[in-house]
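Single-structure report; data block below.
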Amino acid sequence: MKILLAAVNAKYIHSNLAVYSLKAYAEKSLAQSDCGGLNVKPDITIAEYTINQQEDEILRDIFQGKPDILCLSCYIWNLTCVENIVREIHKVLPDTHIWLGGPEVSYDARAVLGRLPEVDGIMMGEGEKTFLELVRFYCGGTESLAQIKGIAWRERSAGKEERIRENPWREVMDLSEIPFVYEDMEGFEHKIIYYESSRGCPFSCSYCLSSVDKCLRFRDLELVKRELQFFIDQRVPQVKFVDRTFNCRHDHAMTVWRYIQEHDNGITNFHFEISADLLREEELELMRQMRPGLIQLEIGVQSTNPQTIREIRRTMKFEEVGRIVKRINSFGNIHQHLDLIAGLPYENYDSFKASFDDVYKLEPEQLQLGFLKVLKGSYMEERKEDYGLVYKGRPLYEVLYTKWLSY
Ligand code: SF4
């Protein structure tokens, strides 16, 4: 049974951690049971493409592999491309079962199945266990899709009208159960390495899908240290932590930062998304001693308008963020990247200018200005009428105007 996990990344240098994680988890679990109960052996492969590639090139590549099952990972930046692939690939591989997963389809599964009749089902939420069960299903080990948690699927039975069914969501898993995906570095030589030491976010920002799943989990720190040592030994140029708020647990962050400081190879750079106002003196003192370029920090400010911050349910004390960013700046060894979002509730042109000035004054190495994206399933989307939010109808769903800010 040929199963292809395909990812369409934004850039060639990116890699898709999700598909590697699904493959590693399924293969490890199947090996432990010696593929017990399966009628056919699964052959799981990965293909990575980019949105800048010609769609025909991607179609040809998938077609040549002739997978029995094709699973595609969906994000806001690739959904249009994935939908085009799905529509066309079904014409040339009509017997291939097509499954989608990822944040861009998880909270909107019925609508996606409604508009893409080529798709058999959607994996909703985290995918490792769900994918494993799908593999078992297609290889004869599970009797019915109705038994698999975390999927929405198209039920087709002879003589009956087709219907879309949605099974209950799955309980979240222990992050330490996922195998390390980089044992074999072949193919990652010129890529950014993405690494996950925690999943979920304790905060509730209204525009963000990470706030929907409140189950914050951490990978065992002994495992994390071993895996970081692997990257250090391999002298990889950059490791980006995908943890949503890396420093939300002080002892976890401190252990990782201390480890990379003590085992620095003089080359590898580690990137973290953090909440600056959660940093403590102990962490700042450690950062002060780091090699220039050992770590870089991405810090979401989004707005400095207190009414906006309250309304988007963001937990941030800007005075504290400002104090800490300036302090880190004074060390002269850490690149800071600060984010702002235009188009948030209560943010008019003048208050946005004030937000911009406030952040600019902090002199970060990089200031990223993005436009609000109204994501399906987010609380922001629920409040769109109240905010007079008008946004693009296709991904990236960027705001066009609001009650407070004209187009
Ligand atoms: S802190 Fe970041 S990841 Fe967490 S809910 Fe807010 S925007 Fe999302």
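In listed order, ligands and their atoms are each counted from 1. Quick note: residue numbers are just sequence positions, from 1.
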* Side-chain donor-acceptor contact under 3.5 Å, Asp243 with Ser198 ->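 Short answer, yes.
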
* Flag for Asp61-Tyr49: side-chain donor and acceptor within less than 3.5 Å ->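 Tyr49 vs Asp61: donor-acceptor pair found between side chains.
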
* Would you mind telling me if ligand 1 is within reach of the side chain of Arg314, the backbone, both or neither, using heavy atoms under 4.0 Å? =>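 Within the 4.0 Å criterion, Arg314 contacts ligand 1 through side-chain atoms alone.
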
* To do: With ring pair (Phe, Tyr, Trp, His ring centres under 6.0 Å) as the test, would you mind laying out the steps for Phe270 and Tyr195 before giving the verdict?
  => CA-CA 10 Å; Phe270 295 88; Tyr195 182 75; 9.0 Å; no

* To do: Starting from atom 7 (S) of ligand 1, locate the nearest protein heavy atom and write down its residue, its atom name and how far away it is, to 0.1 Å.
  =>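 It is Tyr207 OH, 3.5 Å.
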
* Mark yes when over 12 heavy atoms from residues, nucleotides or ligands other than Lys66 sit less than 6.0 Å from its NZ; otherwise mark no. =>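 Yes - once you tally the heavy atoms of other residues, nucleotides and ligands closer than 6.0 Å, there are more than 12.
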
* What protein N/O/S atoms lie closer than 2.8 Å to atom 4 (Fe) of ligand 1? ->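 The answer is Cys201 SG.
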
* **Charged N-O contact under 4.0 Å between Glu262 and Lys225** =>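 Salt bridge flag = no for Lys225 with Glu262.
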
* Asked: Going by the angle between their ring planes, with limits at 30° and 60°, are Trp404 and Tyr387 parallel, tilted or perpendicular?
  ->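 The rings of Trp404 and Tyr387 sit tilted, inter-plane angle from 30° to 60°.
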
* Any ring-ring contact (aromatic ring centres under 6.0 Å, His included) involving residues 202-226? Give me the pairs, sequence neighbours left out, ordered by first then second residue. =>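 Non-adjacent pairs meeting ring-ring contact (aromatic ring centres under 6.0 Å, His included): Phe218-His252.
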
